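All values derive from a computational prediction rather than experimental measurement.
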Amino acid sequence: MKNLKKPSLFVLSFVVLFALPYLVLAANGKGKEVSAEHRNKVSEIVQQLTSIAGQDKNIGEEISQMAQEVSDNNEKTTATIEKIETRGKFKTFLFGTDYKNIGALRSELVTTANHIERLKKALERTESEEVKAELDAQITALEETKTNVESFIKTNESKFSLLGWLVKFFNR
């Protein structure tokens, strides 16, 4: 009976070692959905901001400039999200998430928050009710994209990693 325990323990550990990554990888079903969705939403916001800029002479130039900045920020953010999404799943399983790009994404979120604040200040200066309503809608949409990116960061930070688990285990 003792001789049977060693091979079965070896087989069990072998199965766990090689099957666990496949189970983890199978659970991660999202592909490049977040980056494409983010790109599309922010592009729509930029188009709307550009059209709003032409409607109000008081804030038109500022809104136009901000639309360009939001567009530039969108390109950087989308590229960073794509880097995180396309990182090898096995590499993520072994070493953990891509913290360098997560940090860059957090930096882009700060820039987005600054854009939102500037848009809110511009909203206070406009006199047209129609422009106020449209600008408020775009601020809300921009806040929603910011929230989506924050949840993407949280999801990627909480991914299981083998070496991360080992470090946590030995630090206890």
Side-chain angles (χ1 to χ4, degrees), residues 24-161 163-164:
V24 169
L25 298 178
N28 188 5
K30 283 195 171 183
K32 293 184 180 182
E33 297 172 5
V34 176
S35 61
E37 182 181 326
H38 180 77
R39 177 182 289 121
N40 293 337
K41 281 186 178 181
V42 176
S43 294
E44 290 173 14
I45 293 169
V46 168
Q47 288 175 351
Q48 292 297 321
L49 287 175
T50 304
S51 70
I52 292 171
Q55 295 176 6
D56 192 331
K57 301 227 184 259
N58 292 337
I59 60 171
E61 182 65 33
E62 182 181 358
I63 297 295
S64 178
Q65 178 186 4
M66 210 169 318
Q68 182 60 42
E69 290 174 11
V70 169
S71 178
D72 294 343
N73 188 39
N74 179 33
E75 292 173 17
K76 292 176 189 175
T77 303
T78 303
T80 305
I81 291 173
E82 284 177 353
K83 286 178 185 175
I84 294 170
E85 287 176 330
T86 58
R87 181 180 171 140
K89 305 229 184 294
F90 192 72
K91 186 176 181 181
T92 301
F93 172 73
L94 286 178
F95 302 113
T97 193
D98 187 358
Y99 288 106
K100 175 185 169 192
N101 284 318
I102 292 287
L105 206 51
R106 285 188 189 279
S107 174
E108 297 300 326
L109 282 179
V110 170
T111 305
T112 301
N114 290 338
H115 289 141
I116 291 170
E117 288 303 314
R118 287 175 54 196
L119 286 172
K120 286 180 180 178
K121 288 179 182 175
L123 177 67
E124 294 171 0
R125 291 194 317 267
T126 188
E127 297 170 0
S128 169
E129 291 300 319
E130 182 181 330
V131 172
K132 279 185 181 183
E134 289 179 25
L135 195 55
D136 191 41
Q138 297 316 308
I139 290 170
T140 303
L142 201 54
E143 287 173 338
E144 183 181 315
T145 60
K146 181 179 176 257
T147 303
N148 291 343
V149 172
E150 287 171 344
S151 69
F152 175 78
I153 289 172
K154 286 180 184 176
T155 301
N156 279 284
E157 281 182 333
S158 64
K159 285 186 178 177
F160 177 79
S161 70
L163 292 179

>> Checking Leu123 against Val131 for the side chain to side chain contact (heavy atoms under 4.5 Å, CB included) test, could you report, in this order, the C-alpha distance in whole Å, the side-chain angles of both residues, the deciding distance, and whether it holds?
In response: CA-CA 8 Å; Leu123 177 67; Val131 172; over 6 Å; no
> From Ile45 CD1 over to Thr50 OG1, what is the distance, rounded to the nearest 0.5 angstrom?
Replying inline: 11.5 Å
>> Minimum heavy-atom separation for Asn74 and Ser43, please, with both atom names.
In response: ND2-OG, 3.9 Å
>> Could you measure the distance from the CG atom of Leu109 to the OG1 atom of Thr77? Nearest 0.5 Å is fine.
In response: 7.0 Å
>> To the closest 0.5 Å, what do you measure between CG (Asn114) and CE (Met66)?
In response: 10.5 Å
>> Could you report the tightest heavy-atom contact between Ser64 and Ala53, atom names first, then the distance?
In response: N-CB, 3.7 Å
>> Could you check whether any side-chain heavy atom of Ile84 comes within less than 4.5 Å of a side-chain heavy atom of Ile153, counting everything from C-beta outward?
In response: no
> Listed by chain and number, what are the side chain to side chain donor-acceptor pair (under 3.5 Å) partners of Thr126, not counting sequence neighbours?
Replying inline: Asp56
>> Less than 4.0 angstrom from a charged side-chain N to a carboxylate O is my criterion; do Glu82 and Arg39 meet it?
In response: yes
> So, Glu44 versus Asn40: side-chain donor-acceptor pair below 3.5 Å or not?
Replying inline: no
> Any side-chain donor-acceptor pair under 3.5 Å between Glu85 and Ser35?
Replying inline: yes
> Roughly how far apart are Arg125 CZ and Glu62 CD, rounded to 0.5 Å?
Replying inline: 4.0 Å
>> Could you walk me through whether Lys159 and Asn156 satisfy the side-chain hydrogen bond (donor to acceptor under 3.5 Å, both in side chains) test, starting with their C-alpha distance in whole Å, then the side-chain angles of each, then the deciding distance to 0.1 Å, before giving a yes or no?
In response: CA-CA 5 Å; Lys159 285 186 178 177; Asn156 279 284; 3.0 Å; yes
>> Would you compute the distance between atom NZ of Lys57 and atom OG of Ser128 and round it to the nearest 0.5 angstrom?
In response: 12.5 Å
> For the side chain of Thr78 and the backbone of Glu75, is there at least one donor-acceptor N/O pair under 3.5 Å apart?
Replying inline: no
>> What verdict does the side chain to side chain contact (heavy atoms under 4.5 Å, CB included) test give for Glu134 and Gln55, after you've listed the backbone C-alpha separation in whole Å, the side-chain angles of each residue and the deciding distance to 0.1 Å?
In response: CA-CA 11 Å; Glu134 289 179 25; Gln55 295 176 6; 3.5 Å; yes
>> With side chain to side chain contact (heavy atoms under 4.5 Å, CB included) as the criterion, how do Asn101 and Asp98 come out once you've worked through the C-alpha distance, each side chain's angles and the decisive distance to 0.1 Å?
In response: CA-CA 6 Å; Asn101 284 318; Asp98 187 358; 2.5 Å; yes
> Nearest heavy-atom pair of Ala104 and Thr80: which atoms, and what distance?
Replying inline: CB-CG2, 4.2 Å
>> Show the nearest heavy-atom pair for residues Ile52 and Leu135, with the distance to one decimal.
In response: CD1-N, 3.7 Å
>> side chain to side chain contact (heavy atoms under 4.5 Å, CB included) for Glu157 and Phe152? Distances and angles first, verdict last.
In response: CA-CA 9 Å; Glu157 281 182 333; Phe152 175 78; over 6 Å; no
> Could you give the distance from CD (Gln68) to CG (Leu49), rounded to the nearest 0.5 Å?
Replying inline: 11.5 Å
> According to the side chain to side chain donor-acceptor pair (under 3.5 Å) rule, which pairs have a member within residues 137-150, sequence neighbours left out?
Replying inline: Lys41-Glu144, Lys120-Glu143, Lys146-Glu150
> Can you find a heavy atom in the side chain of Glu127 that is under 4.5 Å from one in the side chain of Lys132?
Replying inline: no
> In this structure, are over 12 heavy atoms from other groups packed under 6.0 Å from Glu61 atom CD?
Replying inline: no
